[in-house]
Amino acid sequence: MTFTAPAAPLTLDNSDRLQLQPLDMPERLLLGPGPSNADPAVLASMNRQPIGHLDPAYLQLMDEVQTLLRYAWQTKNTLTYPVPGTGSAAMEATLANVVEPGDVVLVAVKGYFGHRLVDMAGRYGGDVRTISKAWGQAFELGELRQALETHRPKVLALVHAETSTGVRQPLEGVGDLCHQYDCLLLVDTVTSLGGVPIFLDQWQVDLAYSCSQKGLSCPPGISPFTISPRGLAKLDERKTPVANWYLDTTMLRKYWGNDRTYHHTAPVNMTYALREALRLLAEEGLEARWHRHQTNAEKLWDGLEDLGLKCHVDREFRLPTLTTVRVPAGIDPKALTRHLLQHHNIEIGGGLGDLAGQVWRIGLMGANSYPKNVDLLLEALQRSLSALG
Ligand SMILES: *Cc1c(COP(=O)(O)O)cnc(C)c1O
């Protein structure tokens, strides 16, 4: 037996010739649920050669990213680092590390991403229990207490900013409850980091994750993760190894900690981008940034009302980063999003899951949350709505 080489490589045929043109992508204003536009300074930071991921300059960069991330999240957790991949990878990192087969995991579901947590927790062997709320509402503390009493979970998972509904879940007091019931608190901050107030340590959150392409104005591809000392204690007591090699914190802590042991090739240029995005956030200051997001969201809500449109969520629980607007009778929601893209170069999102066909989703995140963009969108919406009758 010998190995035989193929006679000739496959070739591109005529119908594939378009692929030989240099890349040409339209530049859009991304006012949907994500990705949002990357800040030009972030893009510029990526436009340089990668260096080795064990180079002293890179190790220094890793320290800076960790420090800036702790600030953005308001946490002192030593293990606060970004993982390669989008927000779902960091989501998976939280569950993979602390859920052992048979652990009761309680997920408070009030939208699409709550269901994703349920799916993932089950894949890691969790005994998943759920409580649910209509899409557009938030849980009350009493409801969470009742569920903790009933299910006695090892982990309570909640979505802070539910991007499918536009609801902000208040978290004050939830950490105290979790301590009382001896369970870990896991929070999705994908659509809140960099736009909505978060106080991870004050709220006694044990595990959290986010993404780069929403409130931080980076391209997608690198995602913040953090674990508290309580979370690490549960990780250290595991009887079974973490069932996800790539996201295993017991190994990654040796790379992100003092040992700097090789684990995987870091996404070097994405780390440049994240560092620049976090630097911009720190330069602006968290409070100023939160205030900017709130003010521009209120401008949007008022403008939508002036157009005769209604927001889906009560003002008290509305996210400043993501607004759900009800589709008025007689308008085809997909025709409107198509019209906005084709005629105004603006992307907004449609409804997901229970809200499919009922709402549009408008994002004002990070570098996109400015009055100019609110004005552009309102004007375009008005034109598109009248064009569609
Ligand atoms: C976008 C989003 C995710 C998933 O993040 P990806 O970057 O798309 O993988 C998870 N949770 C929430 C609340 C989100 O909005």
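Just follow the structure's listing: the first ligand is 1, and inside any ligand the first atom is 1. Keep in mind that what you see is a predicted model, and the values were worked out from it rather than measured.
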Next on the checklist: Against Ile131, only a single residue in Leu144, Val107, Leu156 fulfils side-chain contact (heavy atoms from CB on, under 4.5 Å); can you say which?
Outcome noted: Leu144
Checklist entry - Regarding Gln66 and Thr80, is there a side-chain donor-to-acceptor distance under 3.5 Å anywhere? => result no
Checklist entry - So is His160 in contact with ligand 1, going by heavy-atom distances below 4.0 Å? => result no
Checklist outcome for this item: When Trp203, Phe199, Phe113, Phe139 are each screened for ring pair (Phe, Tyr, Trp, His ring centres under 6.0 Å) with His160, the one that passes is Trp203
Item to check | Criterion side chain to side chain contact (heavy atoms under 4.5 Å, CB included) on Ile227 and Asp206, from CA distance to verdict | outcome: CA-CA 6 Å; Ile227 182 167; Asp206 296 300; over 6 Å; no
Checklist entry - Between Thr86 and ligand 1, is there a nitrogen or oxygen pair with a distance under 3.5 Å? => result yes
Item to check | Carboxylate-amine/guanidinium contact Arg129 Asp127, below 4.0 Å | outcome: yes
Next on the checklist: So, regarding Met91 and ligand 1 (criterion: nitrogen or oxygen to nitrogen or oxygen, under 3.5 Å), is there a contact or not?
Outcome noted: no
Checklist entry - Is the shortest N/O to N/O distance between Tyr209 and ligand 1 below 3.5 Å? => result no
Item to check | Closest protein heavy atom (residue, atom, distance) for atom 10 (C) of ligand 1 | outcome: Phe113 CD2, 3.4 Å
Next on the checklist: Give me the atom names and distance for the closest heavy-atom approach of Leu378 to Leu307.
Outcome noted: O-CD1, 3.9 Å
Checklist entry - Is the Trp73 to Tyr81 ring centre distance short of 6.0 Å? => result no
Next on the checklist: Here's one to test your reading of the geometry: is the NZ or CZ of Lys214 within 45 degrees of the ring axis of Tyr209 and under 6.0 Å from its centre?
Outcome noted: no
Checklist outcome for this item: Of all protein heavy atoms, the one nearest atom 11 (N) of ligand 1 is Asp188 OD2, 2.7 Å
Checklist outcome for this item: Under 4.0 Å from one or more heavy atoms of Gly87, ligand 1 contributes atoms 5 (O), 6 (P), 7 (O), 9 (O)
Checklist entry - Should Ala161 be listed as contacting ligand 1, given a heavy-atom distance under 4.0 Å as the test? => result yes
Checklist entry - Side chain, backbone, both or neither: which part of Val190 comes within less than 4.0 Å of ligand 1 when only heavy atoms are counted? => result side chain
Checklist entry - Hey, which atoms in ligand 1 end up nearer than 4.0 Å to a heavy atom of Arg116? => result 4 (C)
Checklist entry - Any idea which protein heavy atom is nearest atom 2 (C) of ligand 1, and the distance to it? => result Lys214 NZ, 2.7 Å
Checklist entry - To the nearest 0.1 Å, how far is atom 8 (O) of ligand 1 from its closest protein heavy atom, and which atom is that? => result Gln213 NE2, 4.0 Å
Checklist entry - To the nearest 0.1 Å, how far is atom 15 (O) of ligand 1 from its closest protein heavy atom, and which atom is that? => result Thr163 OG1, 2.3 Å
Next on the checklist: So if I count the atoms of ligand 1 from 1 in the order they appear, which ones are less than 4.0 Å from some heavy atom of Ser88?
Outcome noted: 4 (C), 5 (O), 6 (P), 9 (O)
Checklist entry - Distance only, no hydrogens: is a donor on one side chain within 3.5 Å (strictly under) of an acceptor on the other, for Asp201 and Gln74? => result no
